[in-house]
Amino acid sequence: ISQVLDLAVIDELRELGGEEDPQLLHELIELFLEDAPARLAEMAEALDAQDLEGMRRAAHTLKSSSANMGAVLFCQLCRDLEAAARESDASAFRETHEQCRGAYQAFESELRRLRG
């Protein structure tokens with residue numbers, strides 16, 4: 001298991017589609033790649049507006065979807081962001097948000113490579 005991508009999760013997603021729906025993994029990757037940038041933007045907007053609930057909600061959504069896609073580091077950082085927002089720690093949120101953006105870029109690259 002790498003820090004970026006848990007291949008066991010990807011294998012499970014691939015098996016989920018099976019022979020009936022071999023494109024399921026690609027569809028899930030596409031959905032994630034369409035949705036995640038919007039959630040990251042929501043998070044940044046909420047941060048700028050000092051909207052702690054908006055930050056928490058966006059981080060929670062990304063945490064869940066990234067866990068389902070096997071994003072190891074990205075998921076952990078989203079979990080940290082959610083906690084920082086819940087604890088009203090805007091400075092920790094801001095710092096972790098930057099790390100999260102980098103982790104997303106690394107994960108996005110891995111997903112695009114998988115998708116082919």
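Side-chain atoms are counted along with the backbone in the values below, which use heavy atoms only and exclude waters and symmetry mates.
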With rounding to the nearest 0.5 Å, note down the distance linking [atom1] in [X] to [atom2] in [Y].
X: His60; Y: Met55; atom1: NE2; atom2: CE; answer: 16.0 Å
X: Leu16; Y: Leu28; atom1: CG; atom2: CG; answer: 7.5 Å
X: Leu62; Y: Leu40; atom1: CG; atom2: CG; answer: 5.0 Å

State, yes or no, whether a side-chain contact exists between [X] and [Y] at a heavy-atom distance under 4.5 Å.
X: Arg112; Y: Leu33; result: yes
X: Glu30; Y: Arg115; result: yes
X: Arg101; Y: Gln105; result: no
X: Leu111; Y: Met69; result: yes
X: Gln3; Y: Val72; result: no

- prompt: Hey, quick one: are Leu13 and Leu7 part of the same hydrophobic cluster, counting side-chain heavy atoms closer than 4.5 Å, chains of contacts allowed?
  reply: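 Shared cluster, yes.
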
message: Which residues pass the ring-ring contact (aromatic ring centres under 6.0 Å, His included) test with Phe93, not counting sequence neighbours?
response: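 Once residues adjacent in sequence are excluded, Phe93 has no partner under the ring-ring contact (aromatic ring centres under 6.0 Å, His included) criterion.
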
Per-pair distances, 0.1 Å, donor-acceptor, side chain in residues 73-81, under 3.5 Å, sequence neighbours excluded:
unit_1, atom_1, unit_2, atom_2, d
Gln76, OE1, Arg79, NH1, 3.0
Gln76, NE2, Asp80, OD1, 2.9

task: Under the side-chain hydrogen bond (donor to acceptor under 3.5 Å, both in side chains) rule, what do Ser66 and Asn68 come out as? Steps first, then yes or no, please.
output: CA-CA 5 Å; Ser66 62; Asn68 291 335; over 6 Å; no

field: More than 12 heavy atoms from other groups under 6.0 Å of CD on Glu27
entry: yes

- prompt: Out of Arg56, Arg39, Arg57, which residue meets the salt bridge (Lys or Arg N to Asp or Glu O under 4.0 Å) rule with Glu82?
  reply: Arg56

All side chain to side chain donor-acceptor pair (under 3.5 Å) counterparts of Arg14, not counting sequence neighbours: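 Asp11.
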
